[in-house]
Amino acid sequence: MTDRIEEFLSAVKSAFAGNTLVKLKLAGYHGGEADLKSIDVKKIVAKGVEKFSFTFHYKTRDIIKNQIQPEALGNLRVALKDEFRSAQLATTEFDMSFERNGDKVRLKRSEVAGREAPSTDHNRAKNRPLTETNKPYLHALGITGKDGVVRNDAQDKFRQINKMVEIFAPLIQAIKAEKPRIVDMGAGKGYLDFALYDYLANVAKRPAEIVGVEMRDKLVEDGNATAAQSGFDGLSFQPGTILDHDATGADAVIALHACDTATDDAIFKGIAAGASLIAVAPCCHKQIRRQMEAGKPKDTLSNLLRHGIFMERQAEMVTDALRALYLELNGYRTKVFEFVSDAHTPKNNLIVAEKDGRVGRDRDAILKQIADTKAMFGIDRHYLEGLLGL
């Protein structure tokens with residue numbers, strides 16, 4: 001089997017290097033990642049660097065990841081060996097099919113002619129969920145000028161908003177409620193709320209109610225005024241803190257960059273409401289970092305924790321890993337991934353949790369994972385445990 005996989009990968013590598021790659025598709029997925037259907041692969045050139053561009057097709061959304069050749073080939077090797085039963089390679093010179101049944105692999109090659117390779121230029125204009133920029137809310141938020149054109153100093157923010165809509169819209173559309181109620185905890189100026197409501201109402205034609213919770217009265221007042229000016233009847237802002245807000249009836253709870261344990265407050269509110277979707281982008285991880293610094297982590301971790309920058313990153317990883325486990329304990333299928341390039345913001349990890357009755361049945365196993373993780377890093381108690389009564 002290994003020889004056949006390497007033969008197929010050699011063909012992929014040659015097509016990539018010779019600019020003859022038309023497309024590569026992996027299908028027949030049987031791995032452990034829920035809702036993943038297939039992967040399409042193509043070659044791109046981004047900022048002068050040749051890369052493999054992977055489009056992961058899930059049940060309700062697509063995710064794109066670009067990788068340099070060594071990383072890409074390594075991931076393809078694992079995918080063909082353990083996760084996908086078939087692959088189809090198309091080049092300008094030949095087609096090659098890959099079929100795996102257990103440990104048996106079958107390759108079939110056929111020559112072709114007259115086929116051209118697609119453009120690898122990645123610096124073309126990108127498709128964005130929000131194409132109309134002459135909107136009152138974009139001007140009110142400082143994204144566009146009076147002429148309705150995106151301001152030069154707001155280009156990054158506009159790209160970031162589009163990316164957030166690109167990720168969140170399919171998640172909201174997958175909720176079964178006829179008119180889902182979305183609660184954004186710590187909404188701030190409401191960048192996501194306005195853009196998401198605009199897309200759902202005017203592009204996707206998906207009725208939804210969005211409530212932005214914000215403790216600063218001026219932002220609440222401004223947000224409601226802009227929503228009224230925009231004709232967004234289903235969008236409103238309410239004053240208050242995350243813990244004080246009554247999230248009963250929420251189908252989705254979102255919190256972007258809620259500082260430290262405020263992210264845990266939002267997760268708790270989502271779990272308590274029985275929300276179908278909980279999505280948080282954590283910011284700051286002070287509570288666990290203080291415990292790791294004061295506690296007694298395993299000696300084998302000393303080199304990873306003795307430098308401040310490493311301690312900070314490990315604290316972020318451990319905090320969010322535990323959050324994912326607490327969500328799974330409460331019946332949520334959970335993923336953690338990068339959702340906005342760190343060229344736009346350093347706070348770029350998103351925890352997405354979707355209610356799934358099949359998750360969390362083995363509570364003892366999950367509780368043991370939590371206990372082992374805490375013991376390894378010298379953690380006494382995660383703030384979320386108190387909220388959940390653990």
Side-chain angles (χ1 to χ4, degrees), residues 1-46 49-122 124 127 166-167 170 174 333-338 352 354 356 358-359 361-362 365:
M1 179 176 72
T2 300
D3 290 344
R4 289 299 181 93
I5 291 175
E6 292 304 320
E7 182 180 347
F8 187 82
L9 289 176
S10 178
V12 173
K13 184 177 179 180
S14 296
F16 180 89
N19 294 320
T20 63
L21 177 63
V22 175
K23 66 178 180 179
L24 170 62
K25 186 178 185 66
L26 279 64
Y29 181 71
H30 60 98
E33 194 167 358
D35 292 340
L36 179 59
K37 302 297 183 182
S38 61
I39 300 177
D40 286 327
V41 187
K42 64 180 181 180
K43 179 179 179 177
I44 64 169
V45 178
V49 179
E50 295 183 340
K51 294 183 178 181
F52 284 86
S53 181
F54 290 73
T55 300
F56 295 79
H57 297 289
Y58 292 87
K59 184 177 181 180
T60 59
R61 64 192 185 279
D62 293 342
I63 295 177
I64 297 175
K65 296 181 181 180
N66 300 327
Q67 300 174 356
I68 60 174
Q69 185 180 128
E71 179 185 14
L73 291 175
N75 288 334
L76 285 171
R77 183 175 289 107
V78 173
L80 294 173
K81 180 177 182 293
D82 300 319
E83 300 172 337
F84 289 87
R85 294 190 177 92
S86 67
Q88 300 293 326
L89 170 65
T91 77
T92 60
E93 301 171 348
F94 64 89
D95 290 339
M96 179 177 284
S97 63
F98 172 97
E99 299 289 340
R100 177 173 59 80
N101 184 4
D103 291 335
K104 296 181 179 180
V105 173
R106 179 174 177 267
L107 294 181
K108 182 179 179 181
R109 174 172 170 146
S110 57
E111 304 302 316
V112 299
R115 183 187 288 167
E116 295 184 359
S119 172
T120 59
D121 183 13
H122 192 56
R124 60 191 183 278
N127 293 325
E166 182 183 325
I167 290 172
R333 176 166 41 84
T334 306
K335 296 178 184 178
V336 183
F337 57 90
E338 181 180 273
V352 172
E354 296 174 285
D356 187 336
R358 297 168 295 180
V359 178
R361 292 176 179 175
D362 193 348

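All heavy atoms count here, side chains included; hydrogens, waters and symmetry mates do not.
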Distance from Leu26 atom CG to Phe56 atom CZ, nearest 0.5 Å?
-> 9.0 Å
Looking at side-chain heavy atoms only, is the closest gap between Glu50 and Gln69 below 4.5 Å?
-> no
Where is the tightest heavy-atom contact between Thr20 and Ser14, given as atom of each residue plus distance?
-> OG1-O, 4.5 Å
Minimum-distance pair of heavy atoms, taken over all atoms of Ser53 and Asn66 | OG-OD1, 2.8 Å
Counting heavy atoms not belonging to Lys335, are there more than 12 under 6.0 Å from its NZ?
-> yes
Look up atom CG in Leu73 and atom OG in Ser10, then write down how far apart they are to the nearest 0.5 Å.
-> 9.5 Å
Please answer whether the main-chain N or O of Leu80 pairs with a side-chain N or O of Arg100 as donor and acceptor at a distance below 3.5 Å.
-> yes
Quick note, salt bridge (charged side-chain N to carboxylate O under 4.0 Å, His left out) partners involving residues 68-87, not counting sequence neighbours, are Glu6-Arg77
Lys37 side-chain N/O to His57 backbone N/O, donor-acceptor pair under 3.5 Å | no
Of the non-hydrogen atoms in Phe98 and Phe84, which two are nearest, and what is the gap between them?
-> CE2-O, 4.3 Å
Can you run down the side-chain hydrogen bond (donor to acceptor under 3.5 Å, both in side chains) pairs that involve residues 87-97, sequence neighbours left out, and say none if there aren't any?
-> Asp95-Arg115
Output for pair (Leu76 CG, Ile5 CD1), nearest 0.5 Å, gives 11.0 Å
Flag if over 12 foreign heavy atoms under 6.0 Å of CD, Glu116 | no
Distance col, row Leu89:CG vs Phe8:CZ, nearest 0.5 angstrom, shows 5.0 Å
If you measure from OG1 on Thr55 to NZ on Lys25, what distance do you get to the nearest 0.5 Å?
-> 9.5 Å
Do Lys42 and Lys23 come within less than 4.5 Å of each other through their side chains, counting heavy atoms only?
-> no
Closest heavy-atom contact between Ser38 and Ala27?
-> CB-CA, 4.4 Å
Can you name the residues that form a side chain to side chain contact (heavy atoms under 4.5 Å, CB included) with Ala72, not counting sequence neighbours?
-> Phe52, Phe54, Gln67
